[in-house]
Amino acid sequence: MKTVIYPGTFDPITNGHIDILKKASRVFDQVILSVAEDTGKSTLFSVDEREQICREAVRDIANVQVMKFSGLVVNFARKVNAIAMIRGLRAISDFEYELSQALMNEKLSDRFSTIFFVPDYKYLYLSSSMIKQVISLGGSINNLLPPGVEEALRKKLNL
Ligand code: COA
């Protein structure tokens, strides 16, 4: 049974994340979408809210489950017996950040590799911050968010 984790902040999850998740779910037996509490970012949604929104968003993907975690991602990976971590590599601008994280995680646990998937071109320049900004300024997002996420954003932002 090959289990991988797909960690992130997911504030909120977008169709770009779902695209990566689906690709990983075709390759591995089990993918654990891992919602990080300790991300160094100030988030709009609490970790419990992010976990709940992710759970709704992935409920139709059979071999994916959602778990929140705190502390180091390598410790969480060990706890759930993951063989590797999945990350999405979008534009070149992601590369240095992803490389530094992957190297630090390998330093922390030398049996733990990062595997990169590329998203569909539609999602290349998508980010959760951009989505939050557009919605908070009254815009509407078509086909970039799983069902229910736009509504959750509007509710959270009192719009
Ligand atoms: N489609 C759309 N957007 C994507 C995406 C995709 N396929 N892949 C990444 N993004 C966006 C995210 O929405 C996010 O946007 P934002 O910055 O506007 O919020 C950004 O790219 C990157 O975020 P994300 O994928 O959520 O990762 P992250 O960099 O926020 O998460 C963790 C980093 C959680 C993996 C890292 O902080 C962590 O491991 N924390 C645990 C503590 C730890 O072990 N730290 C040491 C790590 S070396």
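The figures here come from the full heavy-atom set of this structure, side chains too, leaving out hydrogens, waters and symmetry mates. Whatever order the structure lists them in is the order used to number ligands and atoms, beginning at 1.
More than 12 heavy atoms of other residues, nucleotides or ligands sit less than 6.0 Å from atom NZ of Lys132. Within 6.0 Å of CG on Leu137 lie more than 12 heavy atoms contributed by other residues, nucleotides or ligands. For Glu106, the CD atom counts as densely surrounded, since its 6.0 Å shell holds more than 12 non-hydrogen atoms of other residues, nucleotides or ligands.
Using 4.0 Å as the threshold, Ser129 has a heavy atom nearer than that to some atom of ligand 1. Contact analysis puts Asn105 in contact with ligand 1, with a non-hydrogen atom separation below 4.0 angstrom.
Closest to atom 36 (C) of ligand 1 by heavy atom, among Gln101, Lys41, Glu37, is Gln101. Selection from Gly71, Ser128, Ala36 by nearest heavy atom to atom 42 (C) of ligand 1 gives Gly71. The heavy atom nearest to atom 43 (C) of ligand 1, considering only Leu126, Leu72, Leu89, is found in Leu72. Of the listed residues (Arg87, Arg50, Lys107, His17), the one carrying the non-hydrogen atom nearest atom 35 (C) of ligand 1 is Arg87.
Numbered from 1 in the order shown, with element, the atoms of ligand 1 that lie under 4.0 Å from a heavy atom of Ile20 read 7 (N). Listed by atom number, the atoms of ligand 1 under 4.0 Å from Gly8 heavy atoms are 26 (O), 31 (O), 34 (C). Less than 4.0 angstrom separates some heavy atom of Phe10 from each of these atoms of ligand 1: 26 (O). Heavy-atom proximity to Met104, at under 4.0 Å, picks out these atoms of ligand 1: 48 (S). Near Thr14, meaning under 4.0 Å from one of its heavy atoms, ligand 1 places the atoms 1 (N), 2 (C).
Salt bridge annotation for Glu151-Lys155: absent, with no cationic side-chain nitrogen under 4.0 angstrom from a carboxylate oxygen.
The shortest N or O to N or O distance between Tyr97 and ligand 1 is below 3.5 Å. Residue Lys132 has no N or O atom closer than 3.5 Å to an N or O atom of ligand 1. For ligand 1, the polar-atom distance check against Val73 finds a nitrogen or oxygen pair separated by under 3.5 Å.
Among Ile32, Ile83, Val80, Thr114, the single residue meeting the side chain to side chain contact (heavy atoms under 4.5 Å, CB included) criterion with Val4 is Ile83.
The single protein non-hydrogen atom nearest to atom 5 (C) of ligand 1 is Arg90 CD, 3.6 Å, given as residue, atom name and distance. Nearest protein neighbour of atom 41 (C) of ligand 1, counting heavy atoms only, is Asp38 O, 3.2 Å. Of all protein heavy atoms, the one lying nearest to atom 7 (N) of ligand 1 is Gly16 O, 3.2 Å. With respect to atom 31 (O) of ligand 1, the closest heavy atom belonging to the protein is Thr9 OG1, 3.6 Å.
Residues Asn63 and Asp29 are not in side-chain contact: their nearest non-hydrogen atoms beyond the backbone lie 4.5 Å or more apart.
In this structure, the ring pair (Phe, Tyr, Trp, His ring centres under 6.0 Å) partners of Phe76, at least two apart in sequence or on a different chain, are Phe69. Considering only residues two or more places apart in sequence or on other chains, Glu98 meets the side chain to side chain donor-acceptor pair (under 3.5 Å) condition with Arg87.
Considering all non-hydrogen atoms of both residues, Tyr6 and Gly88 come closest at CE1-N, 4.4 Å.
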Run the side chain to side chain contact (heavy atoms under 4.5 Å, CB included) check on Leu153 and Phe45 step by step: do they pass?
CA-CA 9 Å; Leu153 272 167; Phe45 292 103; 3.7 Å; yes
Let's go through Arg154 and Glu150 carefully: what are the C-alpha distance in whole Å and the side-chain angles of both, what is the deciding distance for salt bridge (charged side-chain N to carboxylate O under 4.0 Å, His left out) to 0.1 Å, and is it a yes or a no?
CA-CA 6 Å; Arg154 288 192 197 289; Glu150 184 167 338; 2.4 Å; yes
